[in-house]
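This report concerns only the one structure given below.
In what follows, chains carry the letters A, B, and so on, assigned in the order in which the sequence lines appear, proteins first and then strands, with residues in each chain numbered from 1. None of the values given here were measured: they were computed from a predicted structure.
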Amino acid sequence: MASVSSQPQFRYTQPPSKVLHLRNLPWECTEEELIELGKPFGKVVNTKCNVGANRNQAFIEFADLNQAIAMISYYASSSEPAQVRGKTVYLQYSNRQEIVNNKTAADVAGNVLLVTIEGDDARLVSIDVLHLVFSAFGFVHKITTFEKTAGFQALVQFSDAETATSAKTALDSRSIPRYLLPDHVGPCTLRITYSGHTDLSVKFQSHRSRDYTNPYLPVAPSAIDGSGQISVGLDGKKLEPESNVLLASIENMQYAVTLDVLHMVFSAFGPVQKIAMFDKNGGVQALIQYPDVQTAVVAKEALEGHCIYDGGFCKLHISYSRHTDLSIKINNDRSRDYTIPNIPIVNSQPSILGQQPVQMIAPAVPQYNGTQFAPTDQAVMPQPSAGWGPTVPAVPQSLPLQMHNQPYMPPGTLLQPSQMGPGMMQSGAPPATLPPYHRGHVQ
DNA sequence: AGCACA
């Protein structure tokens with residue numbers, strides 16, 4: 001008889017199946033288009049698109065075998081071939097009886113997108129650029145990036161599937177705008193599907209993964225160098241990590257800035273626990289320790305770039321220190337531990353030339369040697385053109401200098417110009433009027 | 001244009 005025997009391929013002799021195999025589909029044919037195609041013949045219960053190396057094959061599964069037969073026989077005798085988007089598609093019975101695992105995550109709308117970045121320089125696309133691109137459609141909760149055989153990929157988590165879908169439809173197969181990429185980076189095209197994930201687990205902030213709902217997540221150990229110093233910041237660049245200890249350098253120091261002045265300025269944002277001043281690069285720097293990172297962050301944001309005195313004098317440059325707990329051995333005019341009132345205050349001889357050793361030993365840092373202290377702290381003070389010294393009158397000496405175990409004073413209480421003497425903190429808004437700290441998109 | 005897990 002006309003037996004099919006064991007003829008595997010290239011014959012119209014596949015035994016009937018509820019599942020039809022389609023080929024020569026337009027690229028990235030959608031499930032909707034497949035359903036549209038099969039609907040006239042019966043109920044499409046399952047589809048699978050983007051099959052095969054070229055992603056131009058698909059499967060349609062009907063509820064009933066007769067429906068599949070109806071479709072095959074219709075197009076077998078039709079003058080018009082089956083078409084999707086004007087392109088002829090070829091149908092035959094599948095050699096399987098049902099579609100397996102059709103709902104590959106990529107087809108199910110979810111709140112997490114799987115983004116493949118195509119292009120020679122795909123790997124150079126930073127997580128921050130991705131964040132920027134996808135944030136246009138809603139709050140991006142988390143992003144993880146990874147390298148797979150598919151190339152450089154990212155998972156981008158939105159609040160809900162609707163937001164994710166809007167981003168997907170707008171961005172799929174489009175290229176990242178050039179102006180968002182460094183000049184040397186070539187075109188990068190985004191291929192976007194849904195991911196099966198609903199909530200990414202981001203254990204650390206790093207250059208590969210980010211949790212924007214939790215900015216205080218610890219930074220990845222991989223981003224911490226040998227000395228325990230975190231070297232990769234939240235934007236993946238060499239930004240310093242936040243710390244409860246600030247490193248302040250003072251630019252254009254026309255007037256002497258004393259420990260007490262620093263204490264007063266920084267106390268406006270919370271209790272200052274310890275201060276250590278030292279000379280570095282011909283200027284003066286100070287480490288200011290708060291009990292917590294948040295306070296330090298607020299102080300840094302408020303004070304950075306501001307001048308202690310009017311006229312652009314004693315401009316503060318503030319960065320986060322690598323230290324978390326300063327070890328103050330002796331209270332003197334350059335270092336003080338405000339948390340321990342009974343440390344003896346050593347009345348040291350004035351050290352105009354800055355030779356007075358700083359009485360502190362910070363963890364993870366070798367003993368202070370005067371020149372190599374905190375070598376990796378970011379703040380490098382630009383040398384002020386004008387010199388400074390004892391010839392310049394120390395203006396702030398009339399300032400109120402209550403310093404021992406001074407309780408926390410809310411912002412503004414210390415820095416009102418009326419209380420501060422000449423021109424204190426006038427280079428812009430005093431901390432009391434600074435806008436509240438905003439940390440990107442928290443929540 | 002020819003049968004599927006990222």
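Distance Asn50(A) CG to dC3(B) P: 16 Å, rounded to the nearest Å. The CG-P distance, from Asn56(A) to dC3(B), rounds to 10 Å in whole Å. In this structure, Gln92(A) places its CD atom 13 Å from C1' of dA4(B), rounding to the nearest Å. Distance CZ (Arg96(A)) to C1' (dC5(B)): 11 Å, rounded to an integer number of Å. Between the P atom of dC3(B) and the CZ atom of Phe59(A) lies a distance of 8 Å, rounded to the nearest Å. As a whole-Å value, the separation of Leu20(A) CG from dA4(B) C1' is 15 Å. One interatomic measurement links the two molecules: CZ of Phe146(A) to P of dA6(B), which rounds to 13 Å at whole-angstrom precision. Between the NE2 atom of His21(A) and the C1' atom of dG2(B) there is a distance of 6 Å, given to the nearest Å.
Within the 4.0 angstrom heavy-atom criterion, base atoms lie near Tyr93(A). Residue contacts shown for Glu98(A) include a base, since a base heavy atom lies under 4.0 Å away. Base engagement by Asn95(A) is indicated by at least one non-hydrogen atom pair under 4.0 Å involving a base atom.
Remark: Arg55(A) engages Glu28(A) in a salt bridge (charged side-chain N to carboxylate O under 4.0 Å, His left out) (not counting sequence neighbours).
Residues in residues 63-95 of chain A take part in these ring pair (Phe, Tyr, Trp, His ring centres under 6.0 Å) pairs, two or more places apart or across chains: Phe41(A)-Tyr74(A), Phe41(A)-Tyr75(A).
The side chain of Ser94(A) lies closest to dC3(B), out of dC3(B), dA6(B), dA1(B). Distance from the side chain of Gln14(A) is smallest for dC3(B) among the nucleotides dC3(B), dA6(B), dA4(B). Of the candidates dA4(B), dA6(B), dA1(B), dA4(B) carries the atom nearest the Val100(A) side chain, counting heavy atoms from C-beta on.
Not a single donor-acceptor pair under 3.5 Å links the side chain of Arg23(A) to the backbone N or O of Gln92(A).
Stacking between Tyr90(A) and dG2(B) is absent: the aromatic ring centre is not both under 5.5 angstrom from the base six-membered ring centre and within 30 degrees in plane angle.
The local environment of CG in Asp199(A) is crowded, with over 12 non-hydrogen atoms from other residues, nucleotides or ligands closer than 6.0 Å.
Scanning atom types as modelled, no donor and acceptor separated by under 3.5 angstrom connect the side chain of Gln57(A) and the base of dG2(B).
Gln153(A) and Thr116(A) form a side-chain donor-acceptor contact under 3.5 Å, judged by distance and modelled atom types alone.
Summary of the strand contacts: Gly52(A) and Lys87(A) both lie near DNA chain B, and taking for each the nucleotide with the nearest heavy atom, the more 5' one is attributed to Lys87(A).
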